[in-house]
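In what follows, chains are A, B, ... by sequence order, proteins preceding strands, each numbered from 1.
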Number of protein chains: 2
Amino acid sequence: MSKNAEFIDKLRSSGLRPTKQRLKICEVLFNRDKTFHFTINDLSKIISDKLGEKISLATVYNTVHAFKNKGYLKEISINSDKSYFDTNISNHHHFYDQDTNELIDCDNELIGNVNIKKNITGKKINSVEVLIKVASDNQNQN
Amino acid sequence: MSKNAEFIDKLRSSGLRPTKQRLKICEVLFNRDKTFHFTINDLSKIISDKLGEKISLATVYNTVHAFKNKGYLKEISINSDKSYFDTNISNHHHFYDQDTNELIDCDNELIGNVNIKKNITGKKINSVEVLIKVASDNQNQN
DNA sequence: CAACAGTTTAGAATAATTATAATGTATTGT
DNA sequence: ACAATACATTATAATTATTCTAAACTGTTG
Ligand SMILES: [Mn+2]
Ligand SMILES: [Mn+2]
Ligand SMILES: [Zn+2]
Ligand SMILES: [Zn+2]
């Protein structure tokens, strides 16, 4: 399947028609090898600065949220002021570089099974995620 | 040491003078047995509704942030729209109830040591936190 | 073509947080 | 105690991220 057909498929299955704005967003998000961790602002900047296109913020928000709801993107909360999205939708963990504010993937197999010796009655576990905050040695914490 | 003396100490060591507004905030935060997970809004509501006092939002923000910077409170990010604070300042983990939006402590000893088989060169680990999202069985994820 | 459903967009509205500046209160030196 | 100074509180404004709205636009269908 061509990249473009993939994008159209992703959009259709998210309940969205494949318009040129949405396809442009797909290119930025899904046409890459490695995980992409981004904020809406990052994404918007890439589209306007690097690609010279202009897509309204509302469309970016709508499209990203549709992908998130469908499961093509994950949302990650590290701190209150920014919301990150992640193109790696597998179960995985993160390093968070407090110096650069960057997220780095940490695949599941790089973390021994998390052994949870407690359970909440009547509730089932939906996800288990580990966040490892790192910084240069002479640095402040968060 | 009396509770009040403790509060005064906490305030002084956070670089704040013990005023009546700040002592009131201390009472709500630190005069309890169990962990208190709260948003600024929660705290503010407790002060105004339950205690019938009126402390300006700015003072609440300033005081909570001073305590956080001094390490008497921790900040926890679960989702983009709310920022939680935590009176439990030990290293520990959390369950997050997606039905009620409540945080539940999970002490370190209830989670087997997290075995991290990867390291970021030049960076040291500042914290390792596990977030376990739970919900009733017939529920949507996040 | 005409009607319709869905889309994009600019701009307005909301909500959390932070900044400002005036007023109030406590502390210190004399 | 008095004046000078330093620190606090407060209302309000500003900022920022996000969501909402309503008008203009586009593509599809009969
Ligand atoms: Mn913050
Ligand atoms: Mn959200
Ligand atoms: Zn990731
Ligand atoms: Zn806690």
Rounded distance (Å) that lies between atom C1' of dT9(D) and atom CG of Leu57(B): 13 Å

Answer yes or no on whether Lys10(B) is positioned over the face of Phe30(B), meaning its NZ or CZ is under 6.0 Å from the six-membered ring centre and within 45° of the axis. yes

If only side-chain N and O atoms of Arg17(B) are considered, is one of them under 4.0 Å from the OP1 or OP2 phosphate oxygen of dT27(C)? no

Using the side-chain heavy atoms of Ser56(B), tell me which of these nucleotides is nearest: dA8(D), dT17(C), dA11(D). dA11(D)

Of all the choices, dT8(C), dT18(D), dT10(D), which nucleotide is nearest to the side chain of Gln21(B) once you look at every atom? dT10(D)

Within this structure, what is the NZ-to-P distance between Lys20(B) and dT10(D), rounded to whole angstrom? 7 Å

Are any of Lys54(A)'s side-chain N or O atoms less than 4.0 Å away from OP1 or OP2 of dT9(C)? no

Counting only side-chain N and O atoms of Thr59(B), is one of them less than 4.0 Å from OP1 or OP2 of dT10(D)? yes

Between His65(A) and dT19(D), is there a side-chain N or O to OP1/OP2 distance below 4.0 Å? yes

What is the distance from CG of Leu16(A) to P of dG27(D), rounded to the nearest Å? 16 Å

Can you check the Asn62(B) CG to dT20(C) P distance for me, whole Å? 13 Å

Please report the distance, rounded to the nearest Å, between CD1 in Ile78(B) and P in dA16(C). 16 Å

Could you check whether the rings of Phe36(A) and Phe38(A) sit parallel, tilted or perpendicular, using 30° and 60° as the cut-offs? parallel

Please give, in whole Å, the distance from dT15(D) P to Lys82(A) NZ? 19 Å

Would you tell me if any nitrogen or oxygen in the side chain of Thr19(A) comes within less than 4.0 Å of OP1 or OP2 on dT26(D)? no

Taking atom C1' of dG24(C) as reference, at what distance in whole Å does atom CD1 of Ile55(B) sit? 16 Å

Which of the following nucleotides, dT18(C), dT18(D), dA8(D), is nearest to the side chain of Ile40(A)? dT18(D)

Take Glu129(A) and Lys74(A) through the salt bridge (charged side-chain N to carboxylate O under 4.0 Å, His left out) test and state the conclusion after the steps. CA-CA 12 Å; Glu129(A) 292 188 6; Lys74(A) 292 178 76 173; 3.2 Å; yes

Exam field: side chain Asp105(A) to backbone Asp107(A), donor-acceptor pair closer than 3.5 Å: no

Distance-only donor-acceptor check, side chains Ser44(B) and Asn41(B), under 3.5 Å: no

Output the single nucleotide from dA17(D), dT10(D), dT17(C) whose closest atom is nearest the side chain of Tyr61(B). dT17(C)

Could you give the CZ-to-P distance, from Arg22(A) to dT26(D), as a whole number of Å? 15 Å

By nearest atom, which of the nucleotides dA17(D), dT9(C), dA19(C) is closest to the Ala58(B) side chain? dA19(C)

